[in-house]
Amino acid sequence: MTRTLALLLCALSFNFNLFAAEPTADELKPLLGYWKNVQSDQDILRLEPHRITNRLQGQLVFILADVTPTKLVMYDQGRKKISMLSFKDGVMTCKPESGAGDSYVKMDAPPAGEMDILPLKIGDDRPVASEKVAAVRAELTKRLTADQSVRTDPAKQAQKEAVDDDNIAWLSKTVQELGWIDVRRFGEPAASAAFVILQHSHDLPLIMAALPFVEKDLKAGLLTDGSVFVMLYDLAQEKLGRRQKYGTQMVTFRNMEAMLIQPLEDKNRLDDFRREVHVGPYAQYREQMEKQSGRKSKFSDE
């Protein structure tokens, strides 16, 4: 075989792998479902075509991943990590690129206990007395001031966790009683303050509960700033191990010069998605984030 022909075949092989089709449903069927660690009943995996759920010691972690018959391609805060899969006598071994692997056996039925996070059950959006509305507004103003203070005053940085915990405890209790702090009943400043407190808490059950109400206000034209919704939506998607839609979630690592834009649902339609919820072009948002952080940004698949 000539050197030219060998190079051509190598290039063709590379292109074939690059554009290889996703595994078919039949190819994935034996992998999908629940797997229990052979060493621990407290370690359970649920494999879906594009997500892994890991329940370890009762804690749930959702991981964005592409599942194939030979490997798991996982995205940890935008960084790709690969674990190879092998099978023998009904046992699946999952071996990361470094370190020891774990072995799992497939479960015949879903495990007891939750493998999903459910939205917090909040109150109905019934009418609220004007005195109560005024009290909630005043409390939110006070709590938003504390939220911003621990983030802008270096002398108060150590208080941030305590302030966030106290704020989200109050917000959770309030919305279980009164329903979400929506624009129609409480006004946009109060609704925006509730959003900031919620975003900084990263309380996923409450975020999931609030999202439909924030979207309802947006679609009704009551919420003038669509960025409230897109940031909340992307945050929930990221925490649930799914691709973000609007490009708001970026991560920064000390040893990296650029921020990583978390994996996207559809990069080519990014501005279309943003236009639908009345937020500006992505290039504008990206430039603003780069200016704030002092770092460039790049898509995680670049």
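Values below: all heavy atoms of this structure, side chains included; hydrogens, waters and symmetry mates excluded. A quick note: this is a predicted structure, and the numbers were derived from the prediction, not measured.
- Across Gly101 and Pro96, no two heavy atoms sit closer than the pair CA-CD, 3.9 Å.
- Partners of Phe273 under the ring pair (Phe, Tyr, Trp, His ring centres under 6.0 Å) rule, at least two apart in sequence or in another chain, do not exist in this structure.
- Taking a cutoff of 4.0 Å between a charged side-chain nitrogen and a carboxylate oxygen, Lys219 and Glu215 qualify as a salt bridge.
- Within 6.0 Å of CG on Asp272 lie more than 12 heavy atoms contributed by other residues, nucleotides or ligands.
- Residues satisfying the side-chain hydrogen bond (donor to acceptor under 3.5 Å, both in side chains) test with Ser227, not counting sequence neighbours, are Asp225.
- For the residue pair Trp35 and Lys106, the shortest heavy atom distance occurs at CE3-N, 3.3 Å.
- Under the 4.5 Å side-chain heavy-atom criterion for ILVMFWY residues, a single connected hydrophobic cluster contains both Leu222 and Phe229.
- Of the possible donor and acceptor atoms, one in the side chain of Arg51 sits under 3.5 Å from a partner among the backbone N and O of Leu240.
- Residues satisfying the ring pair (Phe, Tyr, Trp, His ring centres under 6.0 Å) test with Tyr282, not counting sequence neighbours, are Tyr285.
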Kindly list each side-chain donor-acceptor pair under 3.5 angstrom involving residues 117-129, sequence neighbours excluded, with atom names and distances?
residue	atom	partner	partner atom	Å
Asp125	OD2	Arg184	NH2	3.2
Arg126	NH1	Glu177	O	3.2
Arg126	NH2	Glu177	O	3.0

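- Nearest heavy atom pair, residue Arg185 against residue Trp180, reads NH2-O, 2.9 Å.
- Panel note: side chain Gln159, backbone Lys156; no donor-acceptor pair is recorded below 3.5 Å.
- Follow the hydrophobic side-chain contacts under 4.5 Å out from Ile168 and you reach Val175 in the same cluster.
- Considering only heavy atoms from C-beta on, His50 stays 4.5 Å or farther from Val67 through its side chain.
- Considering all non-hydrogen atoms of both residues, Gly187 and Arg137 come closest at N-NH2, 4.1 Å.
- Ile82 and Leu64 fall within a single hydrophobic cluster, where Ile, Leu, Val, Met, Phe, Trp and Tyr side chains are chained together by heavy-atom contacts under 4.5 Å.
- Between Gln249 and Gln244, the side chains place no donor N or O within less than 3.5 Å of an acceptor N or O (distance only, hydrogens not considered).
- In this structure, Arg55 is not positioned above the aromatic face of Tyr34 in the sense of NZ or CZ being under 6.0 Å from the six-membered ring centre and within 45° of the axis.
- When all heavy atoms of Pro69 and Leu28 are compared, the pair lying nearest together is CD-CD2, 4.3 Å.
- Listed for the Ser103 side chain is no donor-acceptor partner under 3.5 Å among the backbone atoms of Val91.
- Proximity of Thr93 to Lys88: side-chain heavy atoms (C-beta onward) are nowhere separated by under 4.5 Å.
- Both Phe213 and Met231 are assigned to one and the same hydrophobic cluster, defined by single-linkage of ILVMFWY side chains at heavy-atom distances under 4.5 Å.
- Atom NZ of Lys216 is surrounded by 12 or fewer heavy atoms from other residues, nucleotides or ligands within 6.0 Å.
- Counting only N and O atoms by type, the side chains of Asn54 and Asp43 include a donor and acceptor under 3.5 Å apart.
- When only modelled atom types and interatomic distance are considered, Thr224 and Glu188 share a side-chain donor-acceptor pair under 3.5 Å.
- In this structure, Thr53 and Leu45 have side chains that are not in contact, with every pair of non-hydrogen atoms separated by 4.5 Å or more.
- Contact check on Asp147 versus Arg151 returns a salt bridge, with a Lys/Arg side-chain nitrogen under 4.0 Å from an Asp/Glu carboxylate oxygen.
- A salt bridge between Asp116 and Arg46 is present, with a side-chain N of the basic residue lying under 4.0 Å from a carboxylate O of the acidic one.
- Within 6.0 Å of CD in Glu161 there are 12 or fewer heavy atoms belonging to other residues, nucleotides or ligands.
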For this session: List the steps, then state whether salt bridge (Lys or Arg N to Asp or Glu O under 4.0 Å) holds for Lys245 with Asp266.
Result: CA-CA 7 Å; Lys245 188 171 185 176; Asp266 189 339; over 6 Å; no
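- Heavy atoms of other residues, nucleotides or ligands lying less than 6.0 angstrom from NZ of Lys71 number 12 at most.
- At a threshold of 4.5 Å between non-hydrogen side-chain atoms, the residues Leu206 and Leu198 count as touching.
- For Asp41 and Lys36, the salt-bridge test passes: some basic side-chain N is under 4.0 Å from an acidic carboxylate O.
- Although no hydrogens or angles enter the test, the distance criterion places no donor-acceptor pair under 3.5 Å between the side chain of Lys291 and the main chain of Arg295.
- Partners of Arg274 by side-chain hydrogen bond (donor to acceptor under 3.5 Å, both in side chains), not counting sequence neighbours: none found.
- Within 6.0 Å of the CD atom in Gln148, the count of heavy atoms belonging to other residues, nucleotides or ligands exceeds 12.
- Arg243 forms a cation-pi arrangement with Tyr75, by the criterion of a distance under 6.0 Å to the ring centre and an angle within 45° of the ring axis.
- In this structure a side-chain-to-backbone donor-acceptor pair under 3.5 Å is present from Gln176 to Ser172.
- Inter-residue side-chain proximity for Met74 and Lys80 is flagged as unmet; no heavy-atom pair is nearer than 4.5 Å.
- Under the 3.5 Å distance criterion, the side-chain polar atoms of Asp66 are left unmatched by any main-chain donor or acceptor of Val73.
- Shortest non-hydrogen contact noted between Gly226 and Leu218 is CA-CD1, 3.8 Å.
- Partners of Tyr246 by ring pair (Phe, Tyr, Trp, His ring centres under 6.0 Å), not counting sequence neighbours, listed by chain and number: Tyr233.
- For the pair Leu56/Val61, no side-chain contact is recorded, criterion being any heavy-atom separation below 4.5 Å from C-beta on.
- Asn167 has its side chain out of reach of Ser201: every pair of non-hydrogen atoms, C-beta onward, lies at least 4.5 Å apart.
- A salt bridge between Lys29 and Asp26 is absent, with no side-chain N of the basic residue lying under 4.0 Å from a carboxylate O of the acidic one.
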